[in-house]
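What follows is a single structure, written as structure tokens, with notes after it.
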Amino acid sequence: MTQHSTDATEARPATREATDWWRDAVIYQVYPRSFADSDGDGTGDLEGIRRRLPHLRDLGVDAVWLSPFYASPQADGGYDVADYRAVDPMYGSLLDADAVIRDAHGLGLRVIVDLVPNHSSDQHEWFRRAVAEGPGSPLRERYHFRPGKGAHGELPPNDWESIFGGPAWTRLPDGDWYLHLFAPEQPDFNWEHPAVADEFRSILRFWLDMGVDGFRVDVAHGMVKAEGLPDIGGGDQLKLLGNDVMPFFDQDGVHAIYRSWRTILDEYDGDRIFVAEAWTPTVERTANYVRPDELHQAFNFQYLGAPWEAGELRAIIDSSLDAMRPVGAPATWVLSNHDVTRHATRYANPQGLGTQIRTPGDRALGLRRARAATLLMLALPGSAYLYQGEELGLPDVTDLPDEVRQDPSFFRAQGQDGFRDGCRVPIPWTVDGPSYGFGDGGSWLPQPSTWGALSVEAQTGDPDSTLELYRAALAVRREQPGLGAGDRVEWQEGVPGGLLVFRRPGFACTVNTTGGPARIPAPGRVLLASSPVTVADGHIELPADTTVWWETT
Ligand code: NOJ
């Protein structure tokens with residue numbers, strides 16, 4: 001897998017000096033299993049990613065975030081890590097990881113890797129030995145092992161439920177139970193144990209020494225559990241998640257870990273960053289993770305979950321910026337990732353139904369809104385995250401047969417909220433060919449037969465394509481000094497209902513979230529529009545579900 005005949009030509013100058021690059025960065029998420037397959041085995045790999053890096057350079061993003069590629073039995077798509085310092089053979093080797101990092105840097109792209117500190121795989125050496133050694137093994141203290149309740153220890157130690165459904169505890173044949181907030185193959189570490197903290201400090205250094213520019217921290221809100229692992233006491237725990245402080249999430253003690261990690265990161269050159277996957281009840285509590293001596297960014301899931309509706313979008317944009325301002329961190333924006341239904345499909349369906357949607361809805365409507373939503377997002381102050389394939393306008397694949405599904409939550413929860421495979425289908429690169437250029441063989445999840453027309457090849461050079469819209473938007477964002485900068489949005493008041501208008505020096509953005517056209521004064525010269533627009537007599541008829549960027553004087 002390591003033939004490094006690079007096609008990484010026409011590199012932008014590599015900019016790795018200490019800057020605040022991340023404050024307005026556009027960061028592209030690669031899900032390695034589904035991005036590009038160099039050896040035709042149907043599964044994406046690191047060499048496939050390396051070969052396709054020029055696509056990301058041409059797209060105009062600043063950094064790439066790689067979802068886990070570490071040694072893993074893949075019980076949860078690699079978020080079950082068996083060895084944090086090894087690459088899974090299905091993805092290649094450490095040499096391949098090194099090649100990706102080097103080539104990315106040569107193209108002016110930074111590289112962020114995933115860190116999974118809340119839990120390991122049940123195949124991690126510590127856990128395997130803890131199980132083998134039996135009750136009383138000191139290695140069991142590095143996880144949460146407990147005797148059960150009930151006369152014979154037959155009941156779980158508390159009432160916590162797994163995020164993937166079912167109890168959060170599994171009993172071993174020797175009688176002990178262990179905690180797993182996710183799948184049983186993902187035992188939670190005990191972060192009170194000094195060996196766990198030491199191990200992760202060492203893992204951070206390992207990847208920093210490899211040259212990565214930062215870490216996306218998985219379940220960043222989960223590592224510390226409330227003293228004594230208290231019962232929650234009834235209620236639908238999945239509904240409480242994200243709305244309430246839970247004894248296993250968003251505990252104040254987690255912040256000490258981040259303060260310790262920050263000192264390590266700051267020893268390294270090149271302005272490296274942490275981004276938190278932290279699900280908290282409020283944006284204010286999310287801000288705690290990005291205080292000046294903790295992490296740099298946190299995903300804005302409140303924004304991701306907002307419906308396509310002007311008032312709601314404005315409220316969440318303002319509250320996000322208001323929450324981040326006191327701690328001096330940039331707001332972040334995200335519309336899609338590997339855990340939610342792609343936004344082209346969310347917006348194709350009735351709004352307000354959450355982030356796991358099972359029906360294709362009105363595809364044309366979904367794409368029109370998705371394009372408009374992207375231009376809105378990329379005009380906001382702060383950093384934006386893109387998920388592979390959204391630049392092609394890909395919809396979720398909502399009709400995958402059950403027998404090909406791999407998402408563990410599909411099986412644990414009898415299909416409830418277990419539809420994450422739909423956004424993980426390998427992406428199309430070419431109009432024809434096996435797996436549309438994903439690789440020379442098949443693809444680990446079947447691609448719809450219509451995907452050739454959505455491929456990078458099909459869309460390149462077509463000015464109306466979603467790919468060219470993304471390329472143009474990112475080019476404008478680079479050229480327009482200040483687009484993405486700042487910490488507030490200057491809204492224009494008194495605009496018709498369903499519209500958003502905001503300005504910054506030299507620039508304006510107008511958004512119509514309604515299903516009908518709206519006539520408004522043209523604020524300047526059109527830079528970019530998510531649907532075709534006409535300006536006449538100093539006015540624009542803003543089409544339904546459309547965003548326009550303007551150059552103003
Ligand atoms: C969040 C990841 O994004 C998701 O894919 C994974 O299943 C859970 N954390 C558990 O690691």
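Given the structure is predicted, the values throughout are model-derived calculations rather than measurements. For ligands, and for the atoms within them, numbers begin at 1 and follow the listed sequence.
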Proximal ligand 1 atoms for [X], defined as those under 4.0 Å from one of its heavy atoms:
X	answer
Glu277	1 (C), 3 (O), 9 (N)
Phe164	7 (O)
His119	10 (C), 11 (O)

### Query
For ligand 1, is Gln29 a contact, meaning one of its heavy atoms is under 4.0 Å away?
no
### Summary
Short version for Val219: what comes under 4.0 Å of ligand 1, heavy atoms counted, is side chain
### Message
Ring-plane angle category for Trp308 and Tyr347, please: parallel below 30°, perpendicular beyond 60°, tilted otherwise.
### Response
tilted
### Query
Would Arg146 count as a cation-pi partner of Trp169, with NZ or CZ less than 6.0 Å from the six-membered ring centre and within 45° of the ring normal?
no
So which heavy atom in the protein is nearest [atom], and how far is it from that ligand atom?
atom	result
atom 3 (O) of ligand 1	Asp339 OD2, 2.4 Å
atom 11 (O) of ligand 1	Asp218 OD2, 2.7 Å
atom 6 (C) of ligand 1	Asp76 OD2, 3.3 Å

### Message
Less than 4.0 angstrom from a charged side-chain N to a carboxylate O is my criterion; do Arg216 and Glu277 meet it?
### Response
yes
### Pair Asp252 + Arg285, salt bridge at N-O below 4.0 Å
yes
### Query
So which pairs with a foot in residues 22-31 pass salt bridge (Lys or Arg N to Asp or Glu O under 4.0 Å), sequence neighbours left out?
Asp20-Arg23
### Task
Please name the residue in the list Tyr79, Tyr70, Trp207 that meets the side chain to side chain donor-acceptor pair (under 3.5 Å) test with Asp114.
Tyr79
